[in-house]
Protein chains: 2
Amino acid sequence: MKTLTDRLSTSADQLPRRAGGRAKSRPTLRTIAAETGLAVTTVSRALALDPQIKASTRALVRAAADRLGYVPDRAAQRLRTGRTRVVQLVLNLDHEFLGFTHELIGGLTEALTGTGYSVTIFPDILGSDRLSSVRRIVEARLGDGVIFNRTEPFDPRVRYLLEQEFPFVSHGRTEFSTPHPSVDYDNEAFARIAVERLIAKGRKRLLIVLPPANFSFAQHLRWGAVAAAKAAGVTCEIPDAINLDSSEAETMAWLRQRLSQPDRPDGIIGVGEVSAMAALAAISDSGLTPGREIDVVAKRASAIFDLMRPRIDTMVEDLRLAGRTMGEMLLRAMEGEDASRLQVLHQPLVEF
Amino acid sequence: MKTLTDRLSTSADQLPRRAGGRAKSRPTLRTIAAETGLAVTTVSRALALDPQIKASTRALVRAAADRLGYVPDRAAQRLRTGRTRVVQLVLNLDHEFLGFTHELIGGLTEALTGTGYSVTIFPDILGSDRLSSVRRIVEARLGDGVIFNRTEPFDPRVRYLLEQEFPFVSHGRTEFSTPHPSVDYDNEAFARIAVERLIAKGRKRLLIVLPPANFSFAQHLRWGAVAAAKAAGVTCEIPDAINLDSSEAETMAWLRQRLSQPDRPDGIIGVGEVSAMAALAAISDSGLTPGREIDVVAKRASAIFDLMRPRIDTMVEDLRLAGRTMGEMLLRAMEGEDASRLQVLHQPLVEF
DNA sequence: ACGAATTATTGAAACGTTACAATATGGCCT
DNA sequence: AGGCCATATTGTAACGTTTCAATAATTCGT
């Protein structure tokens with residue numbers, strides 16, 4: 001141990017560390033060129049596996065590069081080619097409570113691993129102009145492509161990016177007639193199936209808490225729920241005092257109050273974990289028991305409901321899959337593939 | 001609507017979009033120089049607010065830049081200065097179940113907003129060499145600084161980064177004698193307080209599920225729990241069949257089995273939400289009731305337990321604060337501030 | 001009004017890479 | 001052996017910025 005820490009402190013005491021670390025120069029193409037006696041151009045092309053370069057030369061260069069520990073300078077490549085090799089992920093990081101951002105990011109990086117692209121987080125300033133983040137990315141060429149969520153039916157970002165011909169994939173589809181790359185979850189199907197499930201359990205006064213009305217998926221959920229309820233002749237209440245962006249305390253308080261009324265709902269659809277958990281808590285607080293006087297069907301993106309008692313019916317939305325799909329599609333979009341082939345709608349995975 | 005979508009489709013049909021979007025050239029320093037009749041150098045320095053440049057000239061340049069919509073080319077700056085203006089966040093994205101990655105990222109971006117730095121996610125390949133990610137970042141100069149978590153007592157990454165004099169902040173402190181920037185949560189205090197709380201409730205056979213033994217905070221938790229239990233003359237069981245990285249199903253199954261034995265624990269400490277929820281589920285499944293035959297104290301990073309019934313005692317670990325602190329400290333580290341001043345230990349926020 | 005000191009601006013070079021056009025090398029045919 | 005193609009390699013320029021050293025413009029003391 002002594003030796004280790006000694007070595008540490010001596011080497012760390014050398015010079016006041018500056019940003020970016022030490023200045024020891026890394027090998028460049030020129031270094032390899034000098035080493036092999038070839039021209040810089042040849043080395044560059046050899047490393048790019050240009051078939052124009054003789055195979056033996058390529059091997060020679062490759063060997064020298066490895067021996068010297070050469071690693072290309074992204075900044076120089078970027079300056080020269082104009083490609084950043086960066087994918088910008090526009091995220092709102094304020095509002096999440098049980099966010100599954102990490103699933104989305106996980107899937108995205110999974111798709112991008114080995115492609116040379118990296119993922120940069122672009123924090124979306126809530127409340128500011130919807131467009132500003134994306135515009136910033138395009139204007140400063142902060143990436144070769146962009147991914148965002150919380151899509152609106154006529155999202156200005158979609159319009160802008162189409163106009164700019166800038167590659168992107170939206171999480172959530174729009175109402176634009178021009179096709180654009182998007183990955184979405186069939187929330188309409190989810191709502192329909194949830195309603196049908198509750199009806200099958202004999203429930204007649206349903207309730208669903210929706211996302212803020214401006215988001216695309218709020219519409220889909222509404223359509224699905226309302227249509228299915230109507231078809232079966234039951235009611236489906238949609239509170240407008242609360243939505244999925246309301247605080248959990250607010251949601252719970254409202255639900256508690258609602259459940260204390262005589263015409264209380266007997267079936268609740270939880271879109272997302274927080275909403276469903278708030279419903280379960282409110283139900284418990286009201287002295288009711290899920291499965292007896294009331295039922296809950298929820299969408300889940302994690303295994304959380306496996307740990308909840310009592311257990312409820314759930315459908316899965318695989319956000320990791322969504323992230324991975326978006327990554328794969330963005331790659332294809334950046335290669336110029338037609339947008340009409342880059343539209344995916346994932347179906348709910350029903351678990352009951 | 002017609003007009004909008006028409007405009008979209010016509011503009012989108014123009015040319016096959018290529019990676020990075022259109023080629024319309026952006027204004028550069030040269031453009032501004034030509035526009036103002038000044039030299040490129042002057043423009044550069046004016047925009048950098050160099051006091052050497054006359055104030056009136058600075059204003060002139062600023063105006064021209066704004067008028068033309070100039071935005072500096074990061075790649076060129078990067079190539080010239082060697083600074084990437086990127087912070088790499090090394091994250092393992094495989095393993096999380098209820099991950100609060102978004103809190104960490106949120107805090108980090110909060111601290112970095114307006115500084116010109118952006119956060120890039122570097123996916124840590126689990127199972128591979130611990131060092132490889134960080135080495136990659138340093139060698140390819142993928143960032144000016146790096147942040148990582150899941151720190152080990154003698155984490156090789158810390159040693160390497162100190163040797164390389166590369167700025168970093170670790171989430172979790174180490175046992176190295178050389179100081180280095182780190183942000184940690186006082187898990188020892190958490191464990192101690194949790195044990196004391198359970199003892200105050202009359203519990204005598206405690207149990208705590210720890211993280212995998214190789215992580216720093218596993219040690220801290222162990223010390224805190226064991227010492228407090230010993231001081232009070234109660235037992236504190238530490239299962240080694242399961243740990244915090246075990247699957248929730250595994251954890252729950254083991255706990256269920258354990259709770260069915262005659263010498264079952266009467267107090268459980270939940271380090272992290274999943275572990276606590278698994279405990280609660282197992283307790284419920286065993287026909288026991290928290291608050292009656294058994295108690296649970298948990299650490300929480302979200303409001304999730306506000307939605308759980310029955311309610312349990314919790315202490316808060318603010319991961320957003322941790323992220324923000326790490327961001328602020330990394331900025332200072334990159335400016336050369338001494339590591340001894342960049343060590344923070346956040347205390348548990350006790351809620352009972 | 002003149003040189004000296006200060007202030008303000010400039011030119012040239014460089015960061016490391018890739019793209020283009022040009023040259024060198026070799027093989028093959030007549 | 002000369003000429004011609006195909007193959008393999010090279011030199012030069014450029015991407016947009018910052019830095020260094022040098023020049024131009026201004027102020028000041030005398």
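So that the names make sense, note that chain A is the first sequence line, chain B the second, and so on, each numbered from 1.
Side-chain proximity of S44(A) to dT18(C), dT10(C), dT9(D): nearest is dT18(C). Considering only the side chain of A39(A), dG11(D) comes nearest among dG11(D), dT17(D), dT17(C). In the set dA8(D), dG16(C), dG16(D), dA8(D) carries the atom at the smallest distance from any side-chain atom of K54(A). Of the candidates dC15(D), dT18(C), dT9(D), dC15(D) carries the atom nearest the L79(A) side chain, counting heavy atoms from C-beta on.
Each of V40(B), V61(B), T41(B), D73(B) was evaluated against L29(B); a single residue qualifies, V40(B), per the side-chain contact (heavy atoms from CB on, under 4.5 Å) test.
Ring geometry, F154(A) versus F176(A): the interplanar angle exceeds 60°, so the pair is classed perpendicular (tilted spans 30 to 60°).
Here T42(B) does not reach the OP1 or OP2 of dA8(C): none of its side-chain N or O atoms lies under 4.0 Å away. OP1 or OP2 of dT17(C) lies within a sub-4.0 Å distance of a side-chain N or O belonging to T28(A). Contact check, T57(B) against dT9(C): a side-chain N or O comes under 4.0 Å of OP1 or OP2. Phosphate contact (OP1/OP2 of dG16(D), side-chain N/O of R26(B), threshold under 4.0 Å): absent.
Between R141(A) atom CZ and dT17(D) atom P the separation is 14 Å, expressed in whole Å. Note: CZ (R30(A)) to P (dA13(D)) measures 15 Å, nearest angstrom. We find that CG of D50(A) is positioned 13 Å from P of dT7(D), with the value rounded to whole Å. Computed from coordinates, the R85(B) CZ to dT18(D) C1' distance equals 13 Å when rounded to whole Å. As a whole-Å value, the separation of R74(A) CZ from dT17(D) P is 21 Å. At whole-Å resolution of the value, CZ in R83(A) and C1' in dT17(C) are 15 Å apart. Distance R58(B) CZ to dT7(C) P: 14 Å, rounded to the nearest Å. For the pair I53(A) CD1 and dT25(C) C1', the computed distance is 13 Å after rounding to whole Å.
As judged by a 4.0 angstrom heavy-atom cut-off over every strand, Q77(A) is placed among residues touching the sugar-phosphate backbone only. Base engagement by T41(B) is indicated by at least one non-hydrogen atom pair under 4.0 Å involving a base atom. Residue contacts for R78(A): at a heavy-atom cut-off of 4.0 Å it reaches no nucleic acid atom on any strand shown.
Residues Y70(B) and Q52(A) both approach DNA chain D. Their nearest nucleotides, taken by heavy-atom distance, put Q52(A) toward the 5′ side. When each of G37(B) and T81(B) is assigned the nucleotide of DNA chain C with its nearest heavy atom, G37(B) is the one assigned upstream, toward the 5' end.
Remark: R135(A) is positioned above the aromatic ring of Y160(A), its terminal NZ or CZ atom under 6.0 angstrom from the ring centre and at most 45 degrees off the axis.
When all heavy atoms of Q88(A) and I137(A) are compared, the pair lying nearest together is CB-CD1, 3.7 Å. For the pair E328(A) and A111(A), the tightest heavy-atom approach, listed with the atom from each and the gap, is N-CB, 3.8 Å.
Within 3.5 Å, a donor on the side chain of R45(B) pairs with an acceptor on the base of dT10(C), or the reverse. For a distance-only test at 3.5 Å, the side chain of R80(A) qualifies as a donor-acceptor partner of the base of dT18(C).
Under 3.5 Å, the side chains of D124(B) and S133(B) contain a donor-acceptor pair of N or O atoms.
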